[in-house]
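Data block below; observations after.
It should be emphasised that the depicted structure is a prediction, and the values quoted were computed from it without experimental measurement.
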Amino acid sequence: ADLIFQSSDKMRFHIHRKYLQANTGAFLAEIEFEKGMDQMIPLTESSVTLELLFSFIYPKRHPELEDMSFEVIEPLAEAAEKYQVFSAMHICHLRMKEFIPTHPTEVLNYACRHDYPFLISAAAEVAVALPLAESARLLPPHLVMPWVRAYLNNWIFKFNRRI
């Protein structure tokens, strides 16, 4: 390995640059490479997240994510998007879809940030049923007003159906 990364919890990962170049779109652009070979490159992600993420860049079977919790998948999905680890992006997108019933506003937030229209639509259908204060608190600021409008439109629609 010719690169050493350090997670936010101080775990070191020895990674081959050629696999990063071949299997990611932005990893190398995000990192300063003036450092020598023996210097560590600090990353903001945890060791759990990076261990999973780095396993997607090597030419081997990717990890099974089916039984992993939202607390593991969500930071992995964000890291995959941040560094454009394409093989991880797709499976994380699919896994995030499965969390709509239990984490609709978090999935909606993720889908909006990374432009997944189908996921936005699916998560919004569930999230609109949540109390407005709860769902608005979890959304990024630029989505709060559109969300309030959608919430009120949904409320008016339900009210008119009862009449």
Side-chain angles (χ1 to χ4, degrees), residues 1-127 130 134-144 147:
D2 52 355
L3 297 172
I4 302 171
F5 294 99
Q6 183 169 294
S7 65
S8 60
D9 50 352
K10 309 297 182 208
M11 184 173 230
R12 294 178 186 172
F13 294 89
H14 298 261
I15 304 297
H16 293 91
R17 181 188 307 250
K18 67 181 180 181
Y19 293 119
L20 284 178
Q21 288 173 328
N23 297 301
T24 69
F27 220 119
L28 298 178
E30 293 278 332
I31 299 162
E32 298 175 28
F33 283 106
E34 294 95 33
K35 302 178 181 209
M37 296 255 302
D38 295 336
Q39 292 184 350
M40 283 179 286
I41 302 161
L43 298 177
T44 58
E45 292 78 15
S46 74
S47 59
V48 171
T49 298
L50 290 177
E51 184 170 359
L52 286 167
L53 186 69
F54 287 141
S55 67
F56 280 94
I57 67 162
Y58 283 95
K60 63 177 187 166
R61 186 180 295 238
H62 296 155
E64 297 288 333
L65 303 180
E66 285 78 19
D67 294 331
M68 294 190 181
S69 70
F70 181 79
E71 291 71 27
V72 173
I73 297 297
E74 192 270 335
L76 175 61
E78 288 297 337
E81 294 288 338
K82 177 181 179 180
Y83 299 115
Q84 295 180 356
V85 180
F86 301 113
S87 56
M89 288 167 62
H90 181 69
I91 190 67
C92 287
H93 167 256
L94 295 175
R95 287 292 288 135
M96 289 295 278
K97 180 181 172 187
E98 294 173 17
F99 289 111
I100 290 173
T102 56
H103 296 85
T105 51
E106 294 93 335
V107 173
L108 178 61
N109 194 348
Y110 160 82
C112 290
R113 273 194 316 277
H114 303 296
D115 193 26
Y116 289 112
F118 178 77
L119 197 56
I120 291 169
S121 178
E125 287 180 24
V126 176
L130 296 173
E134 179 184 340
S135 57
R137 178 178 52 83
L138 296 170
L139 291 172
H142 72 282
L143 293 178
V144 172
W147 186 253

To the nearest 0.5 Å, what is the distance between OG1 (T24) and CD1 (I57)?
-> 7.0 Å
Nearest-0.5 Å distance that lies between atom CD1 in I120 and atom CG in D115 | 6.0 Å
Check the surroundings of atom CZ in R12: do more than 12 heavy atoms from other residues, nucleotides or ligands lie under 6.0 Å from it?
-> no
About how many Å separate CZ of F54 and CG of L20, when rounded to the nearest 0.5 Å?
-> 6.5 Å
Any donor-acceptor pair under 3.5 Å from S87 side chain to F56 backbone | yes
Pair I73-E98, side chain to side chain contact (heavy atoms under 4.5 Å, CB included): steps then yes or no = CA-CA 11 Å; I73 297 297; E98 294 173 17; over 6 Å; no
Which atom pair, heavy atoms only, marks the closest approach of F99 to S69?
-> CZ-C, 3.7 Å
Close aromatic pair by centroid cut-off 6.0 Å: Y116 and Y110 | yes
Is it the case that H114 and E78 place a side-chain donor and acceptor less than 3.5 Å from each other?
-> yes
For R17 and D2, work out which heavy atoms get closest and say how close.
-> N-OD1, 2.7 Å
Note: K82-E45 ion pair, threshold 4.0 Å (strictly below) = yes
Determine, stepwise, if the pair H14 / F5 fulfils side chain to side chain contact (heavy atoms under 4.5 Å, CB included).
-> CA-CA 7 Å; H14 298 261; F5 294 99; over 6 Å; no
Is it true that a side-chain atom of R95 and a backbone atom of L65 form a donor plus acceptor pair closer than 3.5 Å?
-> yes
Go through the structure and list residues passing side chain to side chain donor-acceptor pair (under 3.5 Å) with Q84, not counting sequence neighbours.
-> none
Please list all pairs passing the side chain to side chain donor-acceptor pair (under 3.5 Å) test where one or both residues lie in residues 54-63, with sequence neighbours left out.
-> H16-Y58
Going from CG on L76 to CD on E81, what distance comes out if it is rounded to the nearest 0.5 angstrom?
-> 10.5 Å
Nearest 0.5 Å please: distance from the CG atom of L53 over to the OG atom of S47.
-> 12.5 Å
E51, CD atom: more than 12 neighbouring heavy atoms under 6.0 Å | no
Look up atom CG in L50 and atom CE in M11, then write down how far apart they are to the nearest 0.5 Å.
-> 10.0 Å
If we only count heavy atoms from C-beta on, is the S46 to S7 side-chain gap below 4.5 Å?
-> no
